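In what follows, chains carry the letters A, B, and so on, assigned in the order in which the sequence lines appear, proteins first and then strands, with residues in each chain numbered from 1. What you are looking at is a predicted structure, and each value in this text was computed from that prediction instead of being measured.
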There are 2 protein chains.
Amino acid sequence: MDKQTITIYDVAREASVSMATVSRVVNGNANVKPATRKKVLDVIEKLDYRPNAVARGLASKKTTTVGVIVPDVTNMYFAQLARGIDDVATMYKYNIILTNSDSNNEKEVKVLNTLLSKQVDGIIFMGNEINGKLREEFKRTKTPIVFAGSVDEEDLYARVNIDYVAAVQEEVKNLIDRGNRRVAFVCGPLEQAINGKFRLKGYKQALKSAGIPYDEKLVFETDDTYKTGTLLQPALMAVNATAAMVTDDELAAGIMNGMSDADVKVPDDFEIITSNDTKLTEMVRPKMSSITQPLYDIGAVAMRLLTKLMHNEPVDEKNVLLPYGLMKRESTK
Amino acid sequence: MDKQTITIYDVAREASVSMATVSRVVNGNANVKPATRKKVLDVIEKLDYRPNAVARGLASKKTTTVGVIVPDVTNMYFAQLARGIDDVATMYKYNIILTNSDSNNEKEVKVLNTLLSKQVDGIIFMGNEINGKLREEFKRTKTPIVFAGSVDEEDLYARVNIDYVAAVQEEVKNLIDRGNRRVAFVCGPLEQAINGKFRLKGYKQALKSAGIPYDEKLVFETDDTYKTGTLLQPALMAVNATAAMVTDDELAAGIMNGMSDADVKVPDDFEIITSNDTKLTEMVRPKMSSITQPLYDIGAVAMRLLTKLMHNEPVDEKNVLLPYGLMKRESTK
DNA sequence: GATTTAAGTGAAAACGTTTTCAATTTGCTG
DNA sequence: CAGCAAATTGAAAACGTTTTCACTTAAATC
């Protein structure tokens, strides 16, 4: 407990300079005579002095730490985003406080507040349902926030995404063009804007363009889990769907395996296209065709954007859309 | 920038008490008259005061933050551990600074030092090669450290694992008993003690018990990636292996898919057993048989152990071994 | 060599808490 | 109602930095 810590004051005394000077050399301030700098550096080395980041944070009001709120790191989609975030954070000398929210609103609010109390310099938020309470909390803080892979209907916050509407529309169109008249839309909670307002919109637009009436029975609102996917086959068959546009890879994998287990051949009897292009798409058999998103980059760009915000640099566009694509694998014809 | 923050002093003035009293009510200290407590609480509410955790950390020398060093969150094995850690950390009011090391020694040392400079109250380390420099750094800090899913040959640090030797031995024995005379051992870097000293030992012991001579050609040292796994089929066939004990699920999935793509039937022509029992084992086809490890629990128990260390509570056993098992799925006969 | 300017340095005041210690109140006991 | 212990409170000193401002010193100019 009584660890005798070496402070800046010890260094100052030992090098017979003032704390201010030590602080200057530690922070690479130019206004120090080379000779003094060397002297101080030597003492630092000798005493093995390590600046205390907490004290530094209090004095400078910068913690070089950012908060990252994620639904669940255990989901590859978010894990890959998180990795992108951490890598560029490290690049800019920031660290990340990572917290799992389970997309639970109460937890999100709570964790946001503890992050703010810890004086993080910025926040990256993932999660797509920004309801009243949470939005309020977002609004009252001056700490920069950016959303990663998460939409903001109100267009208030910086964020980086792909064009979900266009991507889904395009792929559903492809499905239709290949002869599928009954394309299911299997998604996570519709309350989440990314599903309910964006992807669903793309789905509807594709139907409309093809002159196919929208049939509510074809949309399946789920919880985005593998398990749920495996149980969906009977329901999908019951509505005569011949293809599905799925919004999550684990969910899609579940559906696909459920189909295979029920002897429904993918893609011959049922086509599946998924949305996140995580590693998983390559690991399952058949490999899943997917909308491609630069997951790592979404995280990386979001973090980069956040550094700009934190340093008061101008940002040209706060709604960043990264390019998407289609990776045709084996779950579509 | 000039965000007018409400400090404890503002609250004290407004409630006409001293800072000390405010501090007491904020920290739930019992020695406050109920009436004063209420008065202070009201002012806190009214002013919307939020304690500054950085100042608090400086004064109390506790940051309620722990550092977590992980090779790569993008690997499900670690993601699941991390999730366990975060959940119990939250339970005990801690937050987690998560950093990816890529098992790179230089990065590990660097990140450890920045975590220490940030005055984390404890550290959870994942990674299995504790070489000179890193070990040195570990030794010189008084900050509690626990290893999660990571062995320590020197038996110095608290850690939570399963009995890798026994688990591997048991499963290799099963493979042999089923008639496999040529069982390959496919692992990550042998430099890492968990592979080179523990699992390999179990493998050798199983061979020995069965009177099968150890053949170096049957051990494949890899980098634990899916991609590498997919390329291994020819080499495995070349040495006439009929089964493989694999140390990582993604790697195993790669091998299995490589086999299937080369028309080698799993498990009829080649049996595979993997080691981590991540979600992935259920998603691939055939589903992979695996040594089961309570991944989430390893993380959770590690964090729980760390809280004890941080609070100077006695710990009965610093080398915690959680139970393992075997989940027979479809990649073994 | 006197004067001006720039470079280098230090003293001390923040930063927003916790914590120690002493002082004051309060509640009991007899 | 004196006397004492217990319960409440406040003043002020940490905690380990950064940062401002004024002061020296060294260099540059004429």
Side-chain angles (χ1 to χ4, degrees), chain A residues 1-41 43-44 47-65 93 114 116-121, chain B residues 1-41 43-44 47-65 93 114 116-121:
Chain A
M1 306 302 83
D2 48 346
K3 38 157 61 157
Q4 26 63 47
T5 44
I6 311 280
T7 74
I8 201 174
Y9 183 73
D10 299 319
V11 176
R13 182 164 27 72
E14 188 76 11
S16 27
V17 297
S18 72
M19 290 165 39
T21 299
V22 178
S23 176
R24 284 189 190 97
V25 350
V26 168
N27 291 293
N29 185 312
N31 287 350
V32 183
K33 201 186 339 186
T36 345
R37 178 187 307 281
K38 173 150 183 12
K39 188 171 57 177
V40 172
L41 250 19
V43 174
I44 286 179
L47 263 39
D48 191 33
Y49 164 71
R50 317 278 187 96
N52 177 325
V54 172
R56 215 200 275 242
L58 181 59
S60 68
K61 291 168 172 283
K62 303 226 162 308
T63 53
T64 61
T65 302
K93 315 265 188 217
T114 99
L116 292 176
S117 82
K118 292 207 172 173
Q119 314 298 121
V120 294
D121 295 337
Chain B
M1 305 308 83
D2 48 342
K3 39 159 60 157
Q4 26 62 51
T5 44
I6 312 278
T7 74
I8 200 175
Y9 183 73
D10 298 320
V11 176
R13 182 164 27 73
E14 189 76 10
S16 29
V17 296
S18 72
M19 290 165 41
T21 298
V22 178
S23 176
R24 285 189 192 99
V25 349
V26 168
N27 292 293
N29 185 311
N31 288 350
V32 182
K33 200 178 355 178
T36 355
R37 180 186 307 282
K38 171 148 182 17
K39 187 172 58 176
V40 172
L41 252 16
V43 174
I44 286 178
L47 262 41
D48 191 35
Y49 163 72
R50 316 280 186 97
N52 177 325
V54 172
R56 213 200 279 241
L58 182 58
S60 69
K61 293 171 172 280
K62 304 229 162 303
T63 53
T64 61
T65 302
K93 314 265 189 218
T114 98
L116 292 176
S117 82
K118 292 206 172 173
Q119 315 298 119
V120 294
D121 295 338

When the distance from [atom1] of [X] to [atom2] of [N] is rounded to whole Å, what number comes out?
{"X": "A:Asn29", "N": "C:dA7", "atom1": "CG", "atom2": "P", "result": "12 Å"}
{"X": "B:Arg56", "N": "C:dG16", "atom1": "CZ", "atom2": "C1'", "result": "11 Å"}
{"X": "B:Asn31", "N": "C:dT18", "atom1": "CG", "atom2": "P", "result": "15 Å"}
{"X": "A:Lys38", "N": "C:dG8", "atom1": "NZ", "atom2": "P", "result": "18 Å"}
{"X": "A:Ile6", "N": "D:dT17", "atom1": "CD1", "atom2": "P", "result": "10 Å"}
{"X": "B:Arg13", "N": "D:dG10", "atom1": "CZ", "atom2": "P", "result": "15 Å"}

Sugar-phosphate only, base, or nothing, as touched by A:Arg37 at under 4.0 Å among non-hydrogen atoms: nothing
Sugar-phosphate only, base, or nothing, as touched by A:Asn52 at under 4.0 Å among non-hydrogen atoms: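 The answer is sugar-phosphate, as A:Asn52 gets under 4.0 Å only of primed atoms, P, OP1 or OP2.
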Is [Y] close to [X] at the side-chain level, that is, under 4.5 Å between some pair of heavy atoms?
{"X": "A:Val25", "Y": "A:Leu41", "answer": "yes"}
{"X": "B:Val26", "Y": "B:Ile44", "answer": "yes"}
{"X": "A:Ile8", "Y": "A:Pro51", "answer": "no"}

Exercise: do B:Arg56 and B:Asn27 side chains pair donor with acceptor under 3.5 Å: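 The criterion, which ignores hydrogens and geometry beyond distance, is satisfied for B:Asn27 and B:Arg56.
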Pair A:Lys118, A:Thr65: side-chain N/O donor-acceptor within cut-off below 3.5 Å: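 Per modelled atom types, A:Lys118 and A:Thr65 side chains form no pair under 3.5 Å.
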A:Thr36, nearest nucleotide to its side chain (from D:dT17, D:dG10, C:dG8): C:dG8
Among D:dT17, C:dG16, C:dT9, the nucleotide that comes nearest once only the side chain of B:Ala55 is considered: C:dG16
Pairwise 5' ranking along DNA chain C for A:Val17 and B:Leu58, keeping only the more 5' one: A:Val17
Would one find a side-chain N or O of [X] under 4.0 angstrom from OP1 or OP2 of [N]?
{"X": "B:Thr5", "N": "C:dG16", "answer": "yes"}
{"X": "A:Tyr9", "N": "D:dT18", "answer": "no"}
{"X": "B:Ser18", "N": "D:dA11", "answer": "no"}
{"X": "A:Lys61", "N": "C:dG16", "answer": "yes"}
{"X": "A:Lys62", "N": "D:dT17", "answer": "no"}

Would you tabulate the pairs of protein nitrogen or oxygen atoms and nucleotide nitrogen or oxygen atoms of nucleotides 19-25 of chain D closer than 3.5 angstrom?
none

Straight-line distance of B:Gln119 CD to A:Arg50 CZ, nearest 0.5 Å: 10.5 Å
Reported CD1-to-OH distance for the pair A:Ile6 and A:Tyr49, which is rounded to 0.5 angstrom: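 With rounding to 0.5 Å, CD1 (A:Ile6) is 10.0 Å from OH (A:Tyr49).
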